[in-house]
Number of protein chains: 2
Amino acid sequence: MRVLVVEDDQFHASYLQDVIAEALPEVTETIHASDGFTGQEEARAGAIDAIVMDLQMDRRNGVEAARTIWAERPGTRILFWSNYADEAYLRGVSAIVPPASAYGYVLKTATRARLKLALRTVLVEGQIVVDREVHRLQRKGPGASGALNESEYAVLLDLALGLQDRQIAERRGMSLRTLQNRLGSLYEKLGVEDSHEGRPLNKRVKALERAVVMRTVNVETLEAAQREYDAWVTTCADAKR
Amino acid sequence: MRVLVVEDDQFHASYLQDVIAEALPEVTETIHASDGFTGQEEARAGAIDAIVMDLQMDRRNGVEAARTIWAERPGTRILFWSNYADEAYLRGVSAIVPPASAYGYVLKTATRARLKLALRTVLVEGQIVVDREVHRLQRKGPGASGALNESEYAVLLDLALGLQDRQIAERRGMSLRTLQNRLGSLYEKLGVEDSHEGRPLNKRVKALERAVVMRTVNVETLEAAQREYDAWVTTCADAKR
DNA sequence: AATCCGCTTGCGGGAACCCGCAAGTTTTTT
DNA sequence: AAAAAACTTGCGGGTTCCCGCAAGCGGATT
């Protein structure tokens with residue numbers, strides 16, 4: 001069994017290799033890649049089927065690399081290893097994981113024992129493991145009730161890009177009023193009150209602020225959303241011809 | 001000479017201690033603290049005057065710890081060591097550094113040689129060192145002209161919290177129209193156009209999105225701004241009695 | 001079948017937002 | 001000291017945002 005470690009921090013990478021050697025005696029070789037691009041090339045070249053991947057990397061982040069890898073080899077098992085309990089990453093991961101495969105999400109603050117356990121469970125047993133600290137985000141916002149559904153999340157991204165009501169409604173194929181209802185429930189779920197300590201506030205901006213602070217979105221999410229929107233706009237313009 | 005290392009990642013901490021031992025032979029003792037709180041207490045108890053500090057920490061971030069430390073011992077030299085080239089942190093640091101002291105801002109991706117150099121330059125020579133990658137942010141926004149001035153930055157934070165025009169104007173002591181002028185220049189400097197690819201957008205939200213993506217603000221900044229605002233609101237309420 | 005519940009949609013209105021215009025004030029330049 | 005540039009402030013108006021109200025639609029319950 002060969003394992004690929006994709007991690008741009010050399011200390012964490014060598015720590016990982018150390019733990020892998022200890023937890024997985026069946027591993028015959030561990031390969032190291034220091035960013036997402038070389039990672040996906042190593043995976044292709046080396047016929048790798050077990051990967052441990054950092055999520056935050058400069059050249060290409062883990063989610064994007066994983067998407068490419070899974071597109072080529074859907075059975076690849078990937079354990080994500082991240083600094084943060086970040087809903088945006090988890091959402092990105094669980095949106096692209098193929099049914100045939102297995103993945104895990106472990107925080108870098110996890111103990112050595114827990115990391116070893118996750119390595120075995122995901123890479124060898126092919127189960128799904130999600131750190132409880134991360135999973136907590138999935139269901140509970142500090143604000144009101146539960147998680148955002150796909151539709152609300154999509155609207156949140158559009159809102160975050162600065163689109164106006166009409167634009168969002170058009171893009172998502174709903175009426176203006178429906179979109180506004182969606183915004184209403186979004187505000188509620190993000191815990192946006194119409195006033196704070198008796199002072200009124202701008203719900204639209206506050207919603208984005210809450211989403212950023214609660215890590216429902218992050219910089220990578222926003223950049224990806226902007227790219228998707230630009231692409232949509234151009235296809236939309238082409239269609240009109 | 002005694003050096004305090006404040007860093008919550010044990011690998012980075014031991015690496016740091018290693019480099020310090022190599023670069024600064026005059027160091028007789030290095031002390032380690034794993035979060036901002038214990039860091040500032042160690043600094044107080046140990047009469048420390050040279051510190052290497054991580055910026056992102058769970059319990060108390062580096063900027064807050066530095067503020068406390070500098071308030072007690074303004075001559076303390078602090079080298080900040082961070083994962084990210086993040087304008088918000090640099091702004092936070094340079095806003096509180098006392099004139100009597102020295103500081104540095106080095107990225108964790110810096111080479112060992114550059115880290116050694118920065119250690120000597122800041123902790124021994126008492127000069128200011130800022131990683132060029134970080135300094136780049138200070139002057140250049142991709143959008144239009146240069147950096148935000150203090151007044152604009154303050155308005156940006158208020159906007160980010162979701163305050164309405166009237167609230168911001170009241171808090172910052174300016175008229176409604178003046179504030180709106182401020183917002184106008186803020187939009188310009190952040191590169192917020194009134195429409196993107198022919199589609200209009202919500203400038204207020206877009207401004208926050210740009211600020212987040214360009215790392216002019218980050219989660220810690222927003223949380224700190226919220227705390228300051230809450231404090232201001234309560235003092236304001238007290239004053240009215 | 002009748003009822004209920006949730007979601008969608010249109011209409012209308014009050015508040016907030018953004019900006020052009022113009023007059024007054026401060027700061028900088030010449 | 002005079003002129004120019006920059007900033008502040010009020011007013012007015014067009015647009016957007018947010019929401020209450022009510023009508024329609026579809027699936028689930030009794």
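Quantities reported herein were computed from a predicted structural model and do not represent experimental measurements. Every chain is numbered from 1 and lettered A, B, ... according to where its sequence line falls, protein lines coming before strand lines.
- Applying the salt bridge (charged side-chain N to carboxylate O under 4.0 Å, His left out) test to pairs two or more places apart or on separate chains, none has a residue in residues 174-184 of chain A.
- Rounded to an integer number of Å, the gap from CD of A/E152 to P of C/dG6 is 15 Å.
- Atom-to-atom, CZ of A/R172 to C1' of C/dT8 comes out at 18 Å; the value is rounded to the nearest Å.
- Here B/R67 pairs with B/I96 under the side-chain contact (heavy atoms from CB on, under 4.5 Å) rule; sequence neighbours left out.
- For A/R59, the salt bridge (charged side-chain N to carboxylate O under 4.0 Å, His left out) criterion is met by A/D35, not counting sequence neighbours.
- Remark: B/E64 pairs with B/R60, B/N61, B/R227 by the side-chain contact (heavy atoms from CB on, under 4.5 Å) rule, at least two apart or across chains.
- For B/R73, there are no salt bridge (charged side-chain N to carboxylate O under 4.0 Å, His left out) partners, not counting sequence neighbours.
- A/D8 is linked by a side-chain contact (heavy atoms from CB on, under 4.5 Å) to A/D54, A/M57, counting only residues two or more places apart in sequence or in another chain.
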Its contact letters, B for base, S for sugar-phosphate only and - for none at protein heavy atoms under 4.0 Å, make nucleotides 12-27 of chain C read ----SSBBBB------
Set out, line by line, the N/O atom pairs under 3.5 Å between protein and nucleotides 5-7 of chain D.
none

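- With sequence neighbours excluded, the residues satisfying side chain to side chain donor-acceptor pair (under 3.5 Å) with B/T178 are B/S175.
- Counting to the nearest Å, the P atom of C/dC7 and the CD atom of A/E188 are 11 Å from each other.
- Computed from coordinates, the A/D158 CG to D/dC17 P distance equals 13 Å when rounded to whole Å.
- At most 12 heavy atoms of other shown residues, nucleotides or ligands fall within 6.0 angstrom of atom CZ in B/R166.
- Taking five base pairs at each end of the helix from C/dA1-D/dT30 to C/dT30-D/dA1, the local helix axes there meet at an angle of 30°, rounded to 10°.
- Residues satisfying the side-chain contact (heavy atoms from CB on, under 4.5 Å) test with B/R77, not counting sequence neighbours, are B/S101, B/A102, B/L123.
- A search for side chain to side chain donor-acceptor pair (under 3.5 Å) contacts involving A/E228 returns nothing, not counting sequence neighbours.
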